[in-house]
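Everything numeric here is computed off the predicted structure, so don't read it as measured data.
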Amino acid sequence: MKTIFVVDDNGINLMKADEALSDHFNVITISSAFTMFELFDDVIPDMILLDIMMPDINGFDVLERLKADVRYAGIPVIFLTSMNDAAEEARGYKMGAMDFIKKPFSKQILLDRIKTVLESGDSKC
């Protein structure tokens, strides 16, 4: 079963993502990007769902840090965001984000988008 990190500072978003995904994936919910980096010592996820607006470090900075490290650069990242800004989306795609999912998200859209990204990089999905 593939492992997905869901990184968001909002507990309700973490709970909703876990409820939507836990039947299909091993879901690890994380309330801080710094905690996520610490978990890499134990678990490397198959995908990261990443909030953009977080108090400790924003999602763009997290993505930049991931892409700069050869150990984590290949992990697909989908941004979860309440923002509706085309320039920010373009920035994310240019940095290497695989997709953007608007919050609040629907369970089916979340599953479909995740499966599409995972299948594009792994023919065994």
Side-chain angles (χ1 to χ4, degrees):
M1 186 176 282
K2 297 213 181 270
T3 297
I4 296 180
F5 282 3
V6 182
V7 185
D8 195 312
D9 61 307
N10 183 306
I12 293 171
N13 291 334
L14 292 174
M15 182 183 68
K16 287 182 178 183
D18 186 50
E19 288 173 358
L21 302 174
S22 61
D23 288 342
H24 306 275
F25 304 100
N26 176 32
V27 178
I28 299 175
T29 56
I30 307 164
S31 61
S32 159
F34 293 120
T35 301
M36 177 193 73
F37 284 109
E38 290 173 4
L39 285 175
F40 283 158
D41 291 337
D42 299 316
V43 180
I44 302 295
D46 296 289
M47 173 179 281
I48 299 170
L49 301 180
L50 181 62
D51 184 21
I52 293 176
M53 301 302 293
M54 294 184 290
D56 54 357
I57 180 173
N58 73 55
F60 293 113
D61 291 340
V62 172
L63 181 59
E64 182 175 54
R65 192 168 155 188
L66 288 167
K67 295 301 180 185
D69 190 320
V70 67
R71 297 171 295 174
Y72 315 124
I75 301 170
V77 173
I78 294 178
F79 278 126
L80 299 175
T81 183
S82 55
M83 296 173 17
N84 193 15
D85 184 334
E88 292 295 306
E89 275 194 43
R91 175 183 175 199
Y93 284 124
K94 185 175 184 176
M95 292 176 68
M98 299 301 293
D99 205 347
F100 280 75
I101 298 175
K102 302 287 188 250
K103 294 189 280 187
F105 51 81
S106 89
K107 176 181 178 176
Q108 194 57 55
I109 289 174
L110 186 64
L111 283 169
D112 290 347
R113 303 284 268 292
I114 289 170
K115 287 179 180 178
T116 297
V117 169
L118 288 175
E119 288 172 358
S120 71
D122 182 356
S123 61
K124 294 181 260 177
C125 277

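In terms of the side-chain contact (heavy atoms from CB on, under 4.5 Å) criterion, residue partners of Lys67 (sequence neighbours excluded) are, by chain and number, Leu63. Listed by chain and number, the residues in a side-chain contact (heavy atoms from CB on, under 4.5 Å) with Ile57 are Ala33, Phe34, Asp61, Val62 (sequence neighbours excluded). Applying the salt bridge (Lys or Arg N to Asp or Glu O under 4.0 Å) criterion to Asp99, with sequence neighbours excluded, gives Arg113. For Met83, the side-chain contact (heavy atoms from CB on, under 4.5 Å) test picks out Ile52, Met53, Thr81, Glu88, with sequence neighbours left out. For the side chain to side chain donor-acceptor pair (under 3.5 Å) test, no residue two or more places apart in sequence or in another chain qualifies with Thr35.
Judged by distance alone, the side chain of Asp46 and the main-chain N or O of Thr3 form a donor-acceptor pair under 3.5 Å.
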Q.
Would Met36 and Leu66 count as a side-chain contact (heavy atoms from CB on, under 4.5 Å) here? Give the steps.
A. CA-CA 11 Å; Met36 177 193 73; Leu66 288 167; 4.3 Å; yes

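Phe5 is not connected to Ile101 by any chain of hydrophobic side-chain contacts under 4.5 Å among Ile, Leu, Val, Met, Phe, Trp and Tyr, and they are in different clusters. Linking ILVMFWY side-chain heavy atoms closer than 4.5 Å, directly or via other members, places Phe105 and Met47 in a single hydrophobic cluster. A single hydrophobic cluster is seen to contain both Leu21 and Met98, as judged by linkage of ILVMFWY side chains at heavy-atom distances under 4.5 Å, directly or through other members. Hydrophobic clustering, with ILVMFWY side chains joined whenever heavy atoms are under 4.5 angstrom apart, groups Val77 together with Ile44. Cluster annotation: Phe37 and Ile75 are assigned to the same hydrophobic cluster (Ile/Leu/Val/Met/Phe/Trp/Tyr, side-chain heavy-atom contacts under 4.5 Å, transitive).
For the pair Asp85 and Ala87, the tightest heavy-atom approach, listed with the atom from each and the gap, is OD1-N, 2.9 Å. Listed here is the closest heavy atom pair of Ile30 and Leu14: O-CD2, 3.7 Å. Between Leu50 and Gly59 the shortest heavy-atom distance is CD2-O, 3.5 Å. When all heavy atoms of Met1 and Phe25 are compared, the pair lying nearest together is SD-C, 3.3 Å. Here the closest heavy-atom approach between residue Ala17 and residue Val6 is recorded as CB-CG1, 3.8 Å.
Residue pairs meeting the ring pair (Phe, Tyr, Trp, His ring centres under 6.0 Å) criterion with at least one partner in residues 53-76, sequence neighbours excluded, are Phe40-Tyr72, Phe60-Phe79.
Counting heavy atoms from C-beta on, the side chains of Asn13 and Leu80 never come closer than 4.5 Å.
Within the model, atoms CG of Asn10 and CE of Met54 stand 12.0 Å from one another, a figure rounded to the nearest 0.5 Å. For the atom pair OG1 (Thr29) and CD1 (Ile4), the distance works out to 12.5 Å, reported to the nearest 0.5 Å. Separation of atoms CG (Leu110) and NZ (Lys107) is listed at 10.0 Å; rounding is to 0.5 Å.
Residues Asp56 and Ser32 bring a donor and an acceptor atom of their side chains to less than 3.5 Å of each other.
Using a 4.0 Å cut-off between charged side-chain N and carboxylate O, Lys103 and Asp51 make a salt bridge.
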